[in-house]
Amino acid sequence: MADQPVTVITNNFVISSLPTRTYFQYESTRLYRPLSVHISLDSSLFSSATVAFTPPDPKSQKRHRLIHSLQTSAYPKVFHPPALYDGGSLLYSSHPIPDGTFRVHGSNQSAPADSQGWYQIKLSRTTGKEVVPAHVKQLMREGTATPETTTATNLLQLLLCQAQNLVRPNTGRAYFFPEGKESVRGMAVELWRGFYQAVRPSIGKMLVTVDVTVAAMYMSGSLMDVALAVLNTKDVRNLGPTNANQEDFRKLAKHLKNRLITTQTSKGRTKTIRGIVPGPVGRYEFQASGTGPTTTIGDHFRRAHNITIKYPETIGVVTSGKGAPFKVVVPLELCQMLPGQLYKKKLPPAATATVVSFAALHPNERRKRIEGGPIQEYKNSEFLVDSGMAVSPQPMTIMGRMLQAPSLLFGNKTEVRPRDGAWNVLNSQFHSPAQMNIWGVVNFAVRASEQVVHQTVIPGIVNCCSALGMRVSPPPRDAIRQGNGHDVGRAIEQVCTVLGPHVDMIVILLPQDAEDLRTRVKNVCDVKLGVRSQCLRESKFMRGNNQYFNNVALKLNARLGGRHACVMSPVLKELSNGPFMIMGADVSHPAQHSGRPSVASFPPRMEVIEEQELKGVVKIALIMFGKKYRTAPRKLFFFRDGVSESEFAAVREVEITAINGAINELWAERNLNEVKPKLTFIVVGKRHHVSFFPLNPQQGDRSGNCRAGLVVDRDLANPQYKDFYLQSHAAIKGTSRSAHYTVLLDENYNENLVKLQELSFALCHVYAKATRSVSIPAPVYYADLACARGKFYIDPTRTDLDIDGSTTTGGDSTFNLDHWKAAYQAINQKIQESMYFL
């Protein structure tokens, strides 16, 4: 059956008028550790200015507020129309701004001249060059990126976001608001909704993508309430006298450090928490003037401010810096945490359900919010109006195609065709079932009694695996052990001793919230013992239903080398006429500001996989392929995840060179006469924010989304690279997300997008952990899973690496690559060629 054309609505909006003004961008210098910002001057002497803050370098949120106050309250006549500021190092103006020093207050422009809270912002001119927004026409027309087109595109982005970013918490392309926020249970963190907005080029037009997004923020409000939430308690006594080495104190110190607050006596002026002191804060002694007699915090606030501290036994926060003459300590109860402070650490797995539920929006609701969000405010933005830029308020309606879903052939010749991206294994058997006769169970879940293990877990596994064609027998009774969280490896090693040297699987029963325990279990199994393991979580296995144990059977069969079904796809059948290999690769980054390295590229936060590292991995893969199939692949497809558009050129140069280098070196080393494989290199993007909506309900699936198999390759085409969007799955909840495929090299199909789309869609149906098509090709998904396991292979006995992954020495956090290399433990050879990562 031929692919069916379909019309869909997207969350892209056309820029109907490009800016007519000319702007200028220049190099900047730094003064007194200042924030350096470019100023453009529309005069005969085109020059820029650096912006120097005194006191120096306030936080980004405060910098935005200061520049906003500078232009709207302090000197509105000078900055009219207002200049553009990105919060970091760029400021553009379309009219002359005089050199000079400007005074601005952080919160109250009418504050006394000698009071605290005043900043000096110094502007000084330097030479520079023009920034012409019309340069983007070259990118739209010719698909060639130059420094001029890149700068012009960045200027359009700044014009678009400026109005909201000056007054809202933001990440540059997204801003957030507290209305409808939700707390994360067990954490002093809250979720805020917001809008993402980004300028992107397409062939013949510039587009604005608008999407609903979510960010985690530090909990705001009473600092006393925040501290209680950090410790997940309601008892104020838990904030009382404590030892500085205790875990609760360290947890509070870590959460509160560098947070912005106001105090009851600061008259609205923002302060930064530099640290905390143990209770009782009311009896904390200090010298008010740095010299002379001492007094206590309690006495000071009573005499100086007529405030009696209600909770003198609690901890206090330090707001003075290292150079202060004496330590300024404020009781928790007198402090308020400012709202809108981004929480940039990774949320724990226990918070995932809350985040997913909060972020999920029905497609109709998401579309309604998008069309009623910032897109309606652009026509009133003074920055856009001044520039001459205009954005169409109507979302684009575009053409796409519905790909035919491939059927799946199971072991008993049952052929199943997916419906809305899903299928059922009921009454079917695995195409290639594995056997699991040598296995054991280790129970770390305290609530799971011996009766649950013997009457629910083991029968559930045996019955469901057997029904799907696997050969499975119950484990011997002495291979079922109770685990001890203080000595994770002991019970696992005992089970392995009982079972002998050829263990098929160890099933691990875990409590509900046991991420640290799981990490230690996987380290023992994957590194020390080299035995496959399958973890089951208490809230799941205690229910004992067939659907759950069928899902467990999927994972067990794949980990043991079996195959669930054969995908009956014409493109895969065509490829099977000769040997071919498909690889997936990813770089997994730690949370921002973490000291952990990126998995797959050791240096922290590096997008491109190092050439020698990738070359070595590809050579190993080719050697393994040769051992198994006694031939070399004729075609090599490389799907790469984790790459931003700004890194495409670097990835193409480094990684494609590395893959070709691996092939050439291996052929030379082995003196091979076989034809070298042709390479296809595709980047798969998941975080592009482009969404598609059905034109009418009849075109959608049961959840209101476009049906699985939608491909869009024309109306949103990238002018620089061949690309397409493929929505290969059906969302269970919320709005389905397509994947964005960008072709950096295609020697196999000569950039025939239809072939690449069919191949990608087929690969989304072979993911071993699900009976559904998934959002990205299975090899990429597997690469994601393998990267996520990086934390399992760090030596758990290393005490110089803290839980955030920072190398700690004397209290300072630094990144030390040698420490990480020394702490890394390789996967045991016994399992490294299996799908241990599922």
Side-chain angles (χ1 to χ4, degrees), residues 15 17-31 34-53 60 63-72 74-100 102 104 121-137 139 146-168 170-173 175 197-199 201 206 208 378 381-391:
I15 296 180
S17 299
L18 289 172
T20 56
R21 285 185 177 271
T22 296
Y23 295 79
F24 304 88
Q25 177 184 338
Y26 312 93
E27 294 182 358
S28 62
T29 59
R30 299 180 70 82
L31 306 171
L35 173 70
S36 301
V37 179
H38 303 301
I39 298 292
S40 66
L41 300 176
D42 197 0
S43 63
S44 58
L45 293 176
F46 297 131
S47 59
S48 70
T50 60
V51 176
F53 287 94
S60 176
R63 292 198 298 265
H64 270 296
R65 290 203 304 269
L66 288 171
I67 293 294
H68 183 62
S69 296
L70 174 73
Q71 301 194 81
T72 60
Y75 303 91
K77 293 182 179 180
V78 174
F79 295 93
H80 181 75
L84 302 168
Y85 178 58
D86 76 341
S89 61
L90 295 175
L91 182 74
Y92 297 93
S93 175
S94 59
H95 69 286
I97 296 176
D99 287 3
F102 302 87
V104 60
I121 301 179
K122 182 180 180 182
L123 304 184
S124 56
R125 302 181 181 185
T126 61
T127 58
K129 61 179 182 180
E130 296 184 6
V131 179
V132 182
H135 282 156
V136 297
K137 291 181 179 179
L139 182 60
T146 64
E148 288 76 18
T149 62
T150 300
T151 301
T153 302
N154 291 339
L155 178 63
L156 297 188
Q157 179 72 43
L158 193 55
L159 282 165
L160 193 75
C161 299
Q162 187 71 182
Q164 291 292 348
N165 284 1
L166 285 175
V167 295
R168 299 273 194 180
N170 68 87
T171 59
R173 293 190 174 191
Y175 68 87
Q197 42 192 347
V199 173
M206 291 295 289
V208 174
Y378 293 155
S381 167
E382 58 182 327
F383 301 98
L384 293 180
V385 171
D386 175 60
S387 72
M389 178 174 164
V391 182

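The structure presented is a predicted model; accordingly, all values stated were derived computationally and were not measured.
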Trainee: Work out which heavy atom in A152 is nearest to a heavy atom in H135; give both atom names and the distance.
Mentor: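 Taking A152 first and H135 second, the nearest heavy atoms are CB-CB, 4.1 Å.
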
Trainee: Using every non-hydrogen atom in the two residues, find where Y85 and L158 come nearest and quote the distance to one decimal.
Mentor: O-CD1, 3.7 Å

Trainee: Any side-chain to backbone donor/acceptor pair from T151 onto E148? Under 3.5 Å, distance only.
Mentor: no

Trainee: Between R21 (side chain only) and D386 (backbone N and O only), is there a donor and an acceptor less than 3.5 Å apart?
Mentor: yes

Trainee: Among T20, L18, I15, which residue satisfies the side chain to side chain contact (heavy atoms under 4.5 Å, CB included) criterion with M389?
Mentor: I15

Trainee: Centres of the F79 and F102 rings: under 6.0 Å?
Mentor: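 That pair passes the under 6.0 Å test.
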
Trainee: Between S94 and P81, is there a side-chain heavy-atom distance shorter than 4.5 Å?
Mentor: yes

Trainee: For a quick test of reading the model, state the closest non-hydrogen atom pair linking Q157 to A198 and the distance between them.
Mentor: OE1-CA, 3.2 Å

Trainee: Please report the interatomic distance CG(L84) to OG(S387), rounded to the nearest 0.5 Å.
Mentor: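 Between atom CG of L84 and atom OG of S387 there are 8.0 Å.
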
Trainee: Hey, does the side chain of T149 reach the backbone of T146 with a donor-acceptor pair shorter than 3.5 angstrom?
Mentor: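 Yes: the side chain of T149 pairs with the backbone of T146.
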
Trainee: Going through the distances and angles, do V78 and L70 end up as a side-chain contact (heavy atoms from CB on, under 4.5 Å)?
Mentor: CA-CA 9 Å; V78 174; L70 174 73; over 6 Å; no

Trainee: Between G172 and N165, what is the shortest heavy-atom contact and its length?
Mentor: O-ND2, 2.9 Å

Trainee: Hey, are the side chains of C161 and N170 touching, using non-hydrogen atoms and a 4.5 Å cut-off?
Mentor: no

Trainee: Provide the closest heavy-atom pair for F383 versus L159 in the form atom of the first, atom of the second, distance.
Mentor: O-CD2, 3.6 Å

Trainee: Yes or no on side-chain contact (heavy atoms from CB on, under 4.5 Å) for L156 and V208, after CA distance, side-chain angles and deciding distance?
Mentor: CA-CA 10 Å; L156 297 188; V208 174; over 6 Å; no

Trainee: Mind checking side-chain contact (heavy atoms from CB on, under 4.5 Å) for P201 and listing every partner two or more places apart, or none if nothing turns up?
Mentor: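 Checked P201 against side-chain contact (heavy atoms from CB on, under 4.5 Å); matches are L139, M206, P719.
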
Trainee: Any side-chain heavy-atom pair from T72 and P82 closer than 4.5 angstrom?
Mentor: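 No, every pair of side-chain atoms sits at 4.5 Å or beyond.
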
Trainee: Over all heavy atoms of both residues, which pair between V199 and T153 is shortest? Give the atoms and the distance, please.
Mentor: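 Shortest heavy-atom separation between V199 and T153 comes out as CG1-CG2, 4.3 Å.
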
Trainee: Could you check whether Y378 and Q197, counting side-chain N and O atoms only, form a donor-acceptor pair closer than 3.5 Å?
Mentor: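 Checked: Q197/Y378 side chains pair up, N/O donor to acceptor below 3.5 Å.
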
Trainee: Which residues satisfy the side-chain contact (heavy atoms from CB on, under 4.5 Å) test with R168, sequence neighbours excluded?
Mentor: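 R168: side-chain contact (heavy atoms from CB on, under 4.5 Å) contacts with Q164, Y175, F177, P178, E179.
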
